[in-house]
Undergrad: 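Let me begin by handing over the structure; questions about it come next.
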Amino acid sequence: MIHIFSNMKTKDRWFAVLCVALVCGQVYFDLRLPDYTAEITVLISSEVAVLSEYIAAGGKMLACALCSGILTVIVGYLSAMIAADFSYDVRAKLFNKVASMGTGEIRKFSTASLITRTTNDITQIQMIIAMGLQMMIRAPIMAIWAIVKIIGKSWQLSVVVASAVVIVVGALIVLLAVMIPKFRVVQKQIDDVNRMTEENLSGIRVVRAFNAEKYQEDKFEGANTNLMKTQLFTGRGMAFLSPIMMFVQSCVSVAIYYVGARLIDAIEIPLSGTAAEIMTSLSDRSVMLGEVVSFSSYALYVIMSFVMLLMIFMLLPRAQVSARRINEVIDSDIAVKEGSENTSDKTGCIEFKDVSFRYPDASEDCLKHISFTAEKGETVAFIGATGSGKTTLASLAARLYDVTDGKVLLDGKEISAYNFDTLYKKVGYIPQKATLFADSVKGNVSFGDSGSEKTEEDLKKALDIAQASDFVNSMDDGMDSFISQSGTNVSGGQKQRLSIARAIARKPEILIFDDSFSALDYKTDKALRKRISSDLQGTTCLIVAQRIGTIKNADKIVVLDDGKVAGIGTHDELMKNCGVYKQIALSQLSAAELAAEA
């Protein structure tokens with residue numbers, strides 16, 4: 001937690017210091033009350049006290065209570081403001097960190113866990129700050145101050161209070177030793193519940209199609225039951241502390257008054273003494289009674305301090321676990337680091353030089369010694385069996401990962417040398433799974449910074465090239481029509497075409513299509529490729545595809561087989577020289593159809 005708090009704003013630190021000062025003032029006024037209570041007790045026992053003395057003592061008590069109340073309100077306001085401001089900063093920092101992560105880091109933490117860390121974990125930190133600035137500071141100051149005020153008054157009464165403190169502290173230590181490991185488990189179990197909820201919502205069509213509702217319910221029930229049992233265990237354990245505190249507090253009050261009564265009784269009144277001696281003895285008894293009353297109040301303040309600490313200790317273990325989980329994300333290393341280059345001598349050229357790549361924690365390379373060059377304006381296609389490394393190669397070209405060995409050169413410089421703004425203005429990437437955002441069609445197509453302003457004409461042209469104009473114009477509000485989250489109100493083919501239009505609207509030097517035509521029919525596929533060829537002549541295209549018809553007119557086709565290059569050339573060259581490519585082609589089209597297309 002210290003690491004997180006080290007990033008607190010200077011303004012918030014000064015407010016925290018002010019809170020400490022105000023809490024000290026609040027404790028001072030609270031601990032003045034028993035003194036006035038003792039004073040009033042002595043006045044009651046006195047036969048010469050007048051009404052004005054009672055009013056003066058009562059007025060002082062009222063003033064102290066009023067000052068304490070005002071300071072309590074101010075401290076509550078400041079602590080809430082500091083906690084909210086701090087959680088805002090941490091949430092923003094965590095979000096920015098996640099936004100800078102590569103695919104590997106996202107997989108390491110999992111989406112569900114990152115959502116929990118950004119929401120529930122930060123809420124735990126916010127609660128401990130808001131309550132901590134009020135109770136965590138107030139409790140020890142009050143306990144120490146109260147103990148200082150009662151030390152030396154009566155060793156018998158001090159022993160009673162010390163015994164109570166030992167019992168309370170012992171109970172806290174034992175219970176927290178049992179509870180803290182369980183609090184760590186709770187956050188992980190919340191991750192599991194979030195993950196299963198996310199899986200069920202994102203895969204609801206599959207669940208229903210396979211009639212797997214009962215299976216998903218049972219799966220969720222298991223995770224939910226585990227979370228419930230753990231939280232019940234921790235809740236019951238912490239609930240056990242409250243009756244202990246109340247019991248100890250009641251026992252302390254009884255013990256103080258019992259011991260106090262014995263002490264008062266021990267002060268003898270000499271029946272045969274002089275009037276002065278008798279008055280002195282009565283006065284001593286009155287003073288002792290006042291001390292017992294004030295001692296009882298101070299003892300209750302000490303116990304109350306531990307009750308406040310109890311409330312903090314109920315939150316602190318979970319906050320510590322949450323802080324550790326947040327720090328894990330903030331301190332994690334980013335594999336794909338930003339370079340500093342923002343210029344290049346060439347445009348639209350990408351080259352792979354003896355590239356090999358291995359996923360984190362994998363046992364072997366999934367790409368081995370890949371070499372090819374795509375010059376400006378060329379169309380280079382990649383084809384191969386499932387698992388041959390096509391998508392991985394496209395990810396390296398878009399620098400979603402860094403290569404394990406070899407080099408990827410973009411416009412003559414290593415791709416890792418560019419800063420992200422420059423890199424992603426040069427490269428337009430259309431992923432295998434089309435992703436749309438909850439926004440209008442216009443908002444989705446104009447998404448992101450391309451380095452130049454996108455006019456409405458640019459957006460219309462991008463939609464037209466992507467063969468999306470017809471269905472967009474048929475919508476009620478045209479380009480202003482709303483697209484729901486993940487594009488659930490449009491078809492798979494429409495999502496792909498909008499994703500392609502979004503990349504084209506950026507006017508990049510290089511377009512990377514990662515199997516982005518899979519949901520398109522052959523007619524739309526052909527029309528789209530024709531428009532790309534005619535309207536984007538200076539744009540380099542890297543196309544990952546499964547269909548021979550999609551790539552057979554490419555300037556260069558790279559055939560992958562088990563992560564290696566099995567052949568490079570045009571369609572006709574590969575049909576003659578590459579057995580892997582010919583086998584793929586014949587599995588999709590007959591020899592007669594291939595000859596007819598040729």
Undergrad: Hey, mind stepping through M101 and V329 against side chain to side chain contact (heavy atoms under 4.5 Å, CB included) and telling me if it holds?
TA: CA-CA 10 Å; M101 285 180 172; V329 178; 3.5 Å; yes

Undergrad: Measure from the side-chain N and O atoms of K97 to the backbone N and O of I330, and report whether any donor-acceptor pair falls under 3.5 Å.
TA: yes

Undergrad: If we ignore hydrogens and angles and just use 3.5 Å, is the side chain of N200 paired with the main-chain N or O of M196 as donor and acceptor?
TA: no

Undergrad: Does some side-chain heavy atom of D561 sit less than 4.5 Å from a side-chain heavy atom of V559?
TA: no

Undergrad: Where the side chain of R117 meets the backbone of R325, is there a donor-acceptor pair that is under 3.5 Å apart?
TA: yes

Undergrad: Answer whether the closest heavy-atom distance between the side chains of V441 and I483 falls below 4.5 Å.
TA: yes

Undergrad: Is it true that, when you exclude F210 itself, more than 12 heavy atoms of the residues, nucleotides or ligands shown sit nearer than 6.0 Å to its CZ?
TA: no

Undergrad: Which donor-acceptor pairs under 3.5 Å do side chains of residues 351-360 form with protein atoms, sequence neighbours excluded?
TA:
{"unit_1": "D354", "atom_1": "OD1", "unit_2": "H369", "atom_2": "ND1", "d": "2.8"}
{"unit_1": "S356", "atom_1": "OG", "unit_2": "H369", "atom_2": "N", "d": "3.1"}
{"unit_1": "R358", "atom_1": "NE", "unit_2": "D365", "atom_2": "OD1", "d": "3.0"}
{"unit_1": "R358", "atom_1": "NH2", "unit_2": "D365", "atom_2": "OD1", "d": "3.4"}
{"unit_1": "Y359", "atom_1": "OH", "unit_2": "T392", "atom_2": "OG1", "d": "2.7"}

Undergrad: Quick check on E213: does its CD atom have over 12 non-hydrogen neighbours (other residues, nucleotides or ligands) under 6.0 Å away?
TA: yes

Undergrad: Salt bridge (charged side-chain N to carboxylate O under 4.0 Å, His left out): which pairs involve residues 535-550, sequence neighbours left out?
TA: D525-R547, R531-D535

Undergrad: Looking at E328 and R324, is any side-chain nitrogen of the basic one under 4.0 Å from a carboxylate oxygen of the acidic one?
TA: no

Undergrad: Is there a side-chain contact between L574 and K582 (heavy atoms, below 4.5 Å)?
TA: no

Undergrad: Start with the C-alpha gap between D218 and K214, add the side-chain angles, then the distance that decides, and say whether salt bridge (charged side-chain N to carboxylate O under 4.0 Å, His left out) holds.
TA: CA-CA 6 Å; D218 292 342; K214 184 65 170 60; 2.9 Å; yes

Undergrad: Looking at N224 and F220, would you say the former's side chain and the latter's main chain have a donor-acceptor pair under 3.5 Å?
TA: no

Undergrad: As an exercise, state the distance from CG of N444 to CE of M479, rounded to the nearest 0.5 Å.
TA: 10.5 Å

Undergrad: Which residues satisfy the side-chain hydrogen bond (donor to acceptor under 3.5 Å, both in side chains) test with E341, sequence neighbours excluded?
TA: K413

Undergrad: How far apart are the C-alpha atoms of K461 and E457, what are their side-chain angles, what is the distance that settles it, and do they pass the salt bridge (charged side-chain N to carboxylate O under 4.0 Å, His left out) test?
TA: CA-CA 6 Å; K461 182 178 179 180; E457 289 303 316; over 6 Å; no

Undergrad: Does atom OH (Y215) have a neighbourhood of more than 12 heavy atoms from anything else shown, all under 6.0 Å?
TA: no

Undergrad: Report yes if some heavy atom in the side chain of Q189 is under 4.5 Å from a heavy atom in the side chain of Q231; otherwise report no.
TA: no

Undergrad: Side chain to side chain contact (heavy atoms under 4.5 Å, CB included) for R399 and V336? Distances and angles first, verdict last.
TA: CA-CA 8 Å; R399 212 197 163 201; V336 179; 3.5 Å; yes

Undergrad: Find out whether F372 and L393 are in side-chain contact, i.e. whether some heavy atom of one side chain is under 4.5 Å from a heavy atom of the other.
TA: yes

Undergrad: Short question: side chain of S516, backbone of D514 - any donor-acceptor pair under 3.5 Å?
TA: yes

Undergrad: Got E509 and T540 here, is their nearest side-chain heavy-atom distance under 4.5 Å?
TA: no

Undergrad: Should Q124 and S322 be marked as a side-chain hydrogen bond (donor to acceptor under 3.5 Å, both in side chains) after you check the CA-CA gap, both sets of side-chain angles, and the distance that decides it?
TA: CA-CA 7 Å; Q124 298 297 328; S322 296; 5.3 Å; no

Undergrad: Using 0.5 Å steps for rounding, measure from the CG atom of D121 to the CZ atom of R91.
TA: 11.0 Å

Undergrad: Counting only heavy atoms not in K407, do more than 12 fall under 6.0 Å of its NZ?
TA: no

Undergrad: Could you check whether any side-chain N or O of N419 sits under 3.5 Å from a backbone N or O of E338, counting only pairs where one atom can act as donor and the other as acceptor?
TA: no

Undergrad: Classify the angle between the aromatic ring planes of Y581 and H571 as parallel (below 30°), tilted (30 to 60°) or perpendicular (above 60°).
TA: perpendicular

Undergrad: Check this for me, if you would: do D192 and K188 make a salt bridge, where the nitrogen-to-carboxylate-oxygen distance has to be below 4.0 angstrom?
TA: no

Undergrad: Under 3.5 Å, side chain of S533 to main-chain N/O of K530, donor-acceptor pair present?
TA: no

Undergrad: Using 0.5 Å steps for rounding, measure from the CD1 atom of I430 to the CG atom of L511.
TA: 5.0 Å

Undergrad: Would you mind telling me which of K346, K425, K426 makes a salt bridge (charged side-chain N to carboxylate O under 4.0 Å, His left out) with D411?
TA: K426

Undergrad: I'd like to check L463 versus L498 (side-chain heavy atoms, cut-off strictly below 4.5 Å). Are they in contact?
TA: yes

Undergrad: Should the heavy atoms of other residues, nucleotides or ligands under 6.0 Å from NZ of K433 be counted, would the total exceed 12?
TA: no

Undergrad: If we ignore hydrogens and angles and just use 3.5 Å, is the side chain of N120 paired with the main-chain N or O of T116 as donor and acceptor?
TA: no

Undergrad: Does V380 reach the side chain of I543, with side-chain heavy atoms less than 4.5 Å apart?
TA: no

Undergrad: If I take atom CZ from residue R497 and atom CD1 from residue I465, how far apart are they, to the nearest 0.5 angstrom?
TA: 14.5 Å

Undergrad: Near F482 CZ, under 6.0 Å, is it more than 12 heavy atoms from other residues, nucleotides or ligands?
TA: yes

Undergrad: Can you check whether T373's main-chain N or O pairs, donor with acceptor, with K556's side chain at less than 3.5 Å?
TA: yes

Undergrad: Assess the residue pair D480 and S440 against the criterion (side-chain hydrogen bond (donor to acceptor under 3.5 Å, both in side chains)); give the C-alpha distance rounded to whole Å, side-chain angles, the decisive distance to 0.1 Å, and a yes or no.
TA: CA-CA 5 Å; D480 294 321; S440 64; 5.1 Å; no

